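Just below is one structure, and these are the notes that go with it.
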Amino acid sequence: MEEIMWRGNGDKDTKALEPVTKEEKKMKRKERSKDLNSCSMCIRYLLIISNCVFLVVGCTVIGFGIFIIADKVHFVTALFGTTLVAPASYLIVTAGCLVFIGAFIGCFGALLQNRILLIIYLTALGLVFVLSIVGFILAIIFKSEMNDEIREYMRRTLQNDYGVNLENDYNEWVTENWNQAQEEWHCCSVEDQSWGTYRQSQWYNVQPGVPDLTRPFVPPSCCVKDQYNQYVNLQQCQLWNYGPPGKQSGTDNSAIFYRGCYEEGKEVMYDISAYIIGTGITMMVLAVGEFVLAILLVRKV
């Protein structure tokens with residue numbers, strides 16, 4: 001015998017009851033299941049699309065991070081003496097790698113509706129969030145370190161360690177990075193027009209020639225090159241005594257760099273920190289959004 005349930009027909013005056021059959025209950029369950037399936041499909045597609053965006057972000061972060069590590073970090077570490085730039089850069093690159101791998105896991109987990117893959121994906125997102133926060137904090141710290149202590153550190157290494165005792169690994173490392181920074185950044189010494197710092201250095205004391213006459217005032221890395229990578233006038237750059245670098249004032253010397261490496265390096269530091277901070281914020285926001293979508297999908301799997 002068919003089981004019949006009763007329900008109110010909505011008429012407050014009659015308070016009449018109408019039967020509810022099993023077939024009607026099954027239809028309602030199917031409608032609710034259909035609604036849930038539609039919601040689940042929507043979350044799946046959103047997760048897949050957002051992971052495609054995440055994949056592009058991960059590739060970009062890895063590429064720029066490797067470029068910064070290879071091209072900038074050693075200059076900043078050698079010249080400024082800060083040890084925070086390299087760890088922050090490595091953390092961001094690591095986070096980018098996790099994003100890249102996690103994006104694939106998230107896509108497959110959403111497509112297959114695999115609970116285990118989605119849980120692994122959630123773990124990867126948590127690690128990305130933590131690494132991004134740490135990199136963000138380190139970038140803020142080393143950005144705030146650009147002060148008189150950094151300037152004094154640069155002056156001290158230039159006067160005591162540059163160009164002397166090159167059998168010492170540290171001195172060789174400092175010398176190579178100073179030369180490369182001055183050539184690539186088109187700067188000389190620490191502050192603008194501070195060529196005299198070299199004359200107060202150990203490097204100047206071991207140079208051949210008569211002081212203030214035939215002894216070079218600055219190293220070749222302070223000298224301007226043309227488009228063919230040839231020095232414009234090496235002798236004028238190093239020995240000019242009618243103006244810089246022999247004298248602080250006088251006739252302009254177009255063969256030497258006037259800008260100091262502290263100001264140029266500070267701009268590089270700010271660029272690196274801005275990149276790390278911006279990347280960290282972007283990945284944190286994306287990770288939170290992905291995390292919410294993945295949690296919703298896990299609950300429906």
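Since this is a predicted model, take the numbers as computed values, not measurements.
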Rounded to the nearest 0.5 Å, what separation is found between the [atom1] atom of [X] and the [atom2] atom of [Y]?
{"X": "K266", "Y": "R151", "atom1": "NZ", "atom2": "CZ", "value": "7.0 Å"}
{"X": "L297", "Y": "L47", "atom1": "CG", "atom2": "CG", "value": "6.0 Å"}
{"X": "L127", "Y": "L122", "atom1": "CG", "atom2": "CG", "value": "11.5 Å"}
{"X": "T197", "Y": "Q193", "atom1": "OG1", "atom2": "CD", "value": "12.0 Å"}
{"X": "L125", "Y": "L118", "atom1": "CG", "atom2": "CG", "value": "10.5 Å"}
{"X": "I120", "Y": "F108", "atom1": "CD1", "atom2": "CZ", "value": "13.0 Å"}

Donor-acceptor under 3.5 Å ([X] side chain, [Y] main chain):
{"X": "E167", "Y": "E172", "value": "no"}
{"X": "N233", "Y": "A255", "value": "no"}
{"X": "N253", "Y": "Q236", "value": "yes"}
{"X": "N165", "Y": "N168", "value": "no"}
{"X": "S189", "Y": "G260", "value": "no"}
{"X": "R115", "Y": "V298", "value": "yes"}
{"X": "R215", "Y": "V210", "value": "no"}
{"X": "R44", "Y": "L111", "value": "yes"}

Under the rule for side-chain contact (heavy atoms from CB on, under 4.5 Å), what residues qualify as partners of I49, not counting sequence neighbours?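 For I49 there are no side-chain contact (heavy atoms from CB on, under 4.5 Å) partners, ignoring immediate neighbours.
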
Do [X] and [Y] have side chains that get closer than 4.5 Å, going by heavy atoms?
{"X": "N241", "Y": "F217", "answer": "yes"}
{"X": "E183", "Y": "K225", "answer": "yes"}
{"X": "T175", "Y": "D161", "answer": "no"}
{"X": "T157", "Y": "Y170", "answer": "yes"}
{"X": "L138", "Y": "P87", "answer": "yes"}
{"X": "I92", "Y": "V61", "answer": "yes"}

So do C52 and C107 have their SG atoms closer than 2.5 Å?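 No; the two sulfurs sit 2.5 Å or more apart.
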
Please step through disulfide (SG to SG under 2.5 Å) for the pair C237 and C223, ending with a clear verdict. CA-CA 6 Å; C237 170; C223 301; 2.0 Å; yes

Passes salt bridge (charged side-chain N to carboxylate O under 4.0 Å, His left out), E267 versus R259? Steps please. CA-CA 12 Å; E267 291 181 8; R259 187 171 174 82; 2.7 Å; yes

Salt bridge check, D212 against R199: does any charged N sit closer than 4.0 Å to a carboxylate O?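 Yes, R199 and D212 are salt-bridged.
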
With sequence neighbours excluded, what pairs up with F100 under the ring-ring contact (aromatic ring centres under 6.0 Å, His included) test?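 Only F104 meet the ring-ring contact (aromatic ring centres under 6.0 Å, His included) criterion with F100.
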
Pairing residues for Y258 by the ring-ring contact (aromatic ring centres under 6.0 Å, His included) criterion, not counting sequence neighbours: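 With neighbours one apart ignored, the set is W195.
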
Mark yes when over 12 heavy atoms from residues, nucleotides or ligands other than [X] sit less than 6.0 Å from its [atom1]; otherwise mark no.
{"X": "Y270", "atom1": "OH", "answer": "yes"}
{"X": "Q248", "atom1": "CD", "answer": "yes"}
{"X": "F64", "atom1": "CZ", "answer": "no"}
{"X": "L213", "atom1": "CG", "answer": "yes"}
{"X": "E263", "atom1": "CD", "answer": "yes"}

Distance alone, cut at 3.5 Å: any donor-acceptor contact between the side chains of [X] and [Y]?
{"X": "Y162", "Y": "Q202", "answer": "no"}
{"X": "S50", "Y": "E290", "answer": "yes"}
{"X": "N51", "Y": "Y121", "answer": "yes"}
{"X": "Q159", "Y": "S201", "answer": "no"}

Could you work out, with disulfide bond (SG atoms under 2.5 Å apart) as the rule, every residue matching C187, not counting sequence neighbours?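 Expected list: C261.
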
Holding to side chain to side chain donor-acceptor pair (under 3.5 Å), I want the full list of residues that pass it with Q180, two or more places apart in sequence or in another chain.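 Applying side chain to side chain donor-acceptor pair (under 3.5 Å) to Q180 gives E184.
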
Taking only residues two or more places apart in sequence or in another chain, which ones pass side chain to side chain donor-acceptor pair (under 3.5 Å) with E152?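 Once residues adjacent in sequence are excluded, the partners of E152 under the side chain to side chain donor-acceptor pair (under 3.5 Å) criterion are R155.
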
When hydrophobic residues are tied together by side-chain contacts of less than 4.5 Å, even through go-betweens, does W240 share a cluster with I256?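 They do not share one cluster, since no chain of ILVMFWY contacts under 4.5 Å joins W240 to I256.
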
For a quick test of reading the model, state the closest non-hydrogen atom pair linking Q182 to C188 and the distance between them.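 Minimum heavy-atom separation between Q182 and C188: OE1-CA, 3.7 Å.
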
